[in-house]
Student: 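Encoded as structure tokens, here's the structure I'll be asking about.
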Amino acid sequence: MLLAAVLVALRGLTLARSRGSVPCRLQKAGNGWRSGVARYADGELHWIPLMGLRLRPRHAIARRGLVVSGRRVLDNGLYAIDCGGTTRGISLAMSADALTGFLAWLESAPPSAYLDVA
């Protein structure tokens, strides 16, 4: 049992430190915030929880049709954004630097993509 806990913790550390990943919390449909990492892959943002055994992303948020419908500051210095459009009911929380990168990624979509950033 201890070995399994150590392996899960090591997996979380590896994900958090891997290149191209940023710490990101996710809230779905008003539930609590879950810690994880976000990775940009082609036209999607992949969110992988820090704790767990799955190596595949739990959520894949497509850039096409994604609408940032609101922003707010959380108590712990993170910035939360509410996703709308084709992705509804999901909020992401990240640092100011990670948010800047996310918005740049969102706005750098090809001209044919539908974008709406509030």
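Residue numbers start at 1 and run along the sequence shown.
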Student: Should Ile81 and Leu78 be counted in the same cluster of Ile, Leu, Val, Met, Phe, Trp and Tyr side chains packed under 4.5 Å apart?
Tutor: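 No, Ile81 and Leu78 fall in different hydrophobic clusters.
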
Student: If I take atom CZ from residue Arg72 and atom OG from residue Ser91, how far apart are they, to the nearest 0.5 angstrom?
Tutor: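 Result: 5.0 Å between the selected atoms.
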
Student: So, for Trp33 and Leu74, which heavy atoms are closest and what is the spacing to 0.1 Å?
Tutor: CZ2-CD1, 4.1 Å

Student: Does Arg64 reach the main-chain N or O of Gly43 with its side chain, forming a donor-acceptor pair under 3.5 Å?
Tutor: no

Student: First locate atom CH2 of Trp105, then atom CD of Glu44, and finally report the distance between them rounded to the nearest 0.5 Å.
Tutor: 8.0 Å

Student: Please assess Val22 against Phe102 for the test side chain to side chain contact (heavy atoms under 4.5 Å, CB included), listing each intermediate value before the final yes or no.
Tutor: CA-CA 10 Å; Val22 294; Phe102 174 80; over 6 Å; no

Student: With clusters defined by side-chain heavy atoms of hydrophobic residues (ILVMFWY) lying less than 4.5 Å apart, directly or transitively, does Met94 cluster with Val68?
Tutor: yes

Student: Shortest non-hydrogen contact from Tyr79 to Ala96?
Tutor: CE1-CB, 3.6 Å

Student: Going from CD1 on Ile90 to CG on Asn31, what distance comes out if it is rounded to the nearest 0.5 angstrom?
Tutor: 11.0 Å

Student: Leu99, Leu92: one ILVMFWY side-chain cluster at the under-4.5 Å cut-off?
Tutor: yes

Student: Is the shortest side-chain heavy-atom distance between Trp47 and Arg34 below 4.5 Å?
Tutor: yes

Student: To the nearest 0.5 angstrom, please state how far the CZ atom of Arg71 sits from the CG atom of Leu103.
Tutor: 5.0 Å

Student: Report yes if some heavy atom in the side chain of Asn76 is under 4.5 Å from a heavy atom in the side chain of Arg25; otherwise report no.
Tutor: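 They are in contact (side-chain heavy atoms under 4.5 Å apart), so the answer is yes.
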
Student: Looking at CG of Leu66 and CG of Leu106, how far apart are the two atoms once the value is rounded to the nearest 0.5 Å?
Tutor: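 Between Leu66 CG and Leu106 CG, I get 5.0 Å after rounding to 0.5 Å.
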
Student: Looking at every non-hydrogen atom in both residues, tell me the closest pair between Cys24 and Ala38 and how far apart they are.
Tutor: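 It is CB-CB, 3.8 Å.
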
